[in-house]
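Encoded as structure tokens, the structure appears first; notes follow it.
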Amino acid sequence: MLVLNGPNLNMLGKRQPEIYGRETLADIEAACRAEAKALDLSLDFFQSNHEGALVERIQHARETNSGIIINAGAYTHTSVALLDALNAAEKPVIEVHLSNIYKREAFRHHSYISPVAVGVICGFGSQGYLLALRAMARLVSR
Ligand code: CA2
């Protein structure tokens with residue numbers, strides 16, 4: 001399983017705790033690792049601030065991962081390149097957001113990722129990643 005994180009998510013816990021909470025990305029990774037272990041899933045966890053690095057990691061996932069859980073950060077709302085890469089990967093995708101993007105500015109209401117996703121989880125903070133892992137465990141065991 002690949003859990004992919006986009007730009008600025010490395011800043012979690014360091015700024016804007018009122019929107020994104022106090023947990024760091026390392027805390028979320030640790031929680032994901034514990035959940036993946038309980039679900040008997042192998043886990044790769046990756047973050048980049050660079051669109052091309054995210055595209056390359058998705059390309060690699062085609063060979064190495066059974067599914068992709070992605071919080072693309074702001075690239076969610078801008079990146080046709082990530083959409084194309086996810087389509088080409090031909091793996092189940094679950095889109096995750098910490099915040100409820102529909103409660104926020106209108107420009108966050110559109111996602112380029114959602115059309116390729118099996119489902120979207122937003123507004124539950126870091127718990128969303130764990131919910132996505134549980135949903136993905138079922139999807140890949142089918
Ligand atoms: O709610 C989410 O998970 C988002 O994907 C987070 C993105 C935002 O652009 C999306 O619209 C929704 C931003 C991540 C930035 O995270 C920060 C955390 C702490 C300090 C600064 C940025």
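Quantities reported herein were computed from a predicted structural model and do not represent experimental measurements. Both counts, for ligands and for their atoms, begin at 1 and track the order of listing.
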Task: Heavy-atom nearest neighbour in the protein, as seen from atom 2 (C) of ligand 1, with distance rounded to 0.1 Å - done: L98 N, 3.4 Å
Task: Closest approach of any protein heavy atom to atom 18 (C) of ligand 1, naming residue and atom - done: Y20 CD1, 3.5 Å
- [ ] Can you pull out the closest protein heavy atom to atom 14 (C) of ligand 1? Residue, atom name and distance to 0.1 Å, please.
- [x] L9 CD2, 3.8 Å
Open item on the list: So, regarding N71 and ligand 1 (criterion: nitrogen or oxygen to nitrogen or oxygen, under 3.5 Å), is there a contact or not?
Closed with: yes
May I have the list of side-chain donor-acceptor pairs in residues 113-136 shorter than 3.5 Å, sequence neighbours left out?
{"unit_1": "S114", "atom_1": "OG", "unit_2": "E95", "atom_2": "OE1", "d": "2.7"}
{"unit_1": "S114", "atom_1": "OG", "unit_2": "S111", "atom_2": "OG", "d": "3.2"}
{"unit_1": "S126", "atom_1": "OG", "unit_2": "E23", "atom_2": "OE1", "d": "2.5"}
{"unit_1": "Y129", "atom_1": "OH", "unit_2": "N5", "atom_2": "OD1", "d": "2.6"}
{"unit_1": "Y129", "atom_1": "OH", "unit_2": "N71", "atom_2": "ND2", "d": "3.3"}
{"unit_1": "R134", "atom_1": "NE", "unit_2": "E35", "atom_2": "OE2", "d": "3.0"}

Task: N/O separation below 3.5 Å, M11 to ligand 1 - done: no
Open item on the list: Suppose we measure from atom 21 (C) of ligand 1 to each protein heavy atom; which comes out shortest, and what is that distance?
Closed with: Q16 OE1, 3.4 Å
TODO: Flag yes if more than 12 heavy atoms outside R22 fall under 6.0 Å of its CZ atom; otherwise flag no.
DONE: no
Task: Shared hydrophobic cluster, F46 / I68 (ILVMFWY, side-chain heavy atoms < 4.5 Å) - done: yes
Open item on the list: Are L54 and I70 packed together at the side-chain level, in the sense that at least one heavy-atom pair is separated by less than 4.5 angstrom?
Closed with: no
Open item on the list: Residue-level breakdown please: for H77 versus ligand 1, do any non-hydrogen atoms fall below 4.0 Å on the side chain, on the backbone, on both, or on neither?
Closed with: side chain
Open item on the list: Heavy-atom pairs closer than 4.0 Å: do any link ligand 1 to the side chain of R108, the backbone, both, or neither?
Closed with: side chain
Task: ligand 1 N/O within reach of R104 N/O, cut-off under 3.5 Å - done: no
Open item on the list: For atom 12 (C) of ligand 1, which of the options I113, N10, L25, I101 provides the nearest non-hydrogen atom?
Closed with: I101
Open item on the list: According to a hydrophobic-cluster definition based on side-chain heavy atoms being under 4.5 Å apart (Ile, Leu, Val, Met, Phe, Trp, Tyr only), do L2 and L25 belong together?
Closed with: no
- [ ] State whether the number of non-hydrogen atoms from other residues, nucleotides or ligands found under 6.0 Å of H110 atom NE2 is greater than 12.
- [x] yes
- [ ] Identify the protein heavy atom lying closest to atom 16 (O) of ligand 1, giving its residue, its atom name and the separation to 0.1 Å.
- [x] N8 O, 3.5 Å
- [ ] Taking only heavy atoms of A74 into account, list the atoms of ligand 1 that are under 4.0 Å away from them.
- [x] 9 (O)
TODO: Looking only at protein heavy atoms, identify the closest one to atom 4 (C) of ligand 1 and say how far it is in Å.
DONE: H97 ND1, 3.7 Å
Task: Heteroatom proximity flag, S99 to ligand 1, N/O under 3.5 Å - done: yes
Task: Between S48 and R57, a side-chain donor and acceptor under 3.5 Å - done: no
Open item on the list: According to a hydrophobic-cluster definition based on side-chain heavy atoms being under 4.5 Å apart (Ile, Leu, Val, Met, Phe, Trp, Tyr only), do Y75 and L4 belong together?
Closed with: yes
TODO: Could you check whether the rings of H97 and H77 sit parallel, tilted or perpendicular, using 30° and 60° as the cut-offs?
DONE: parallel
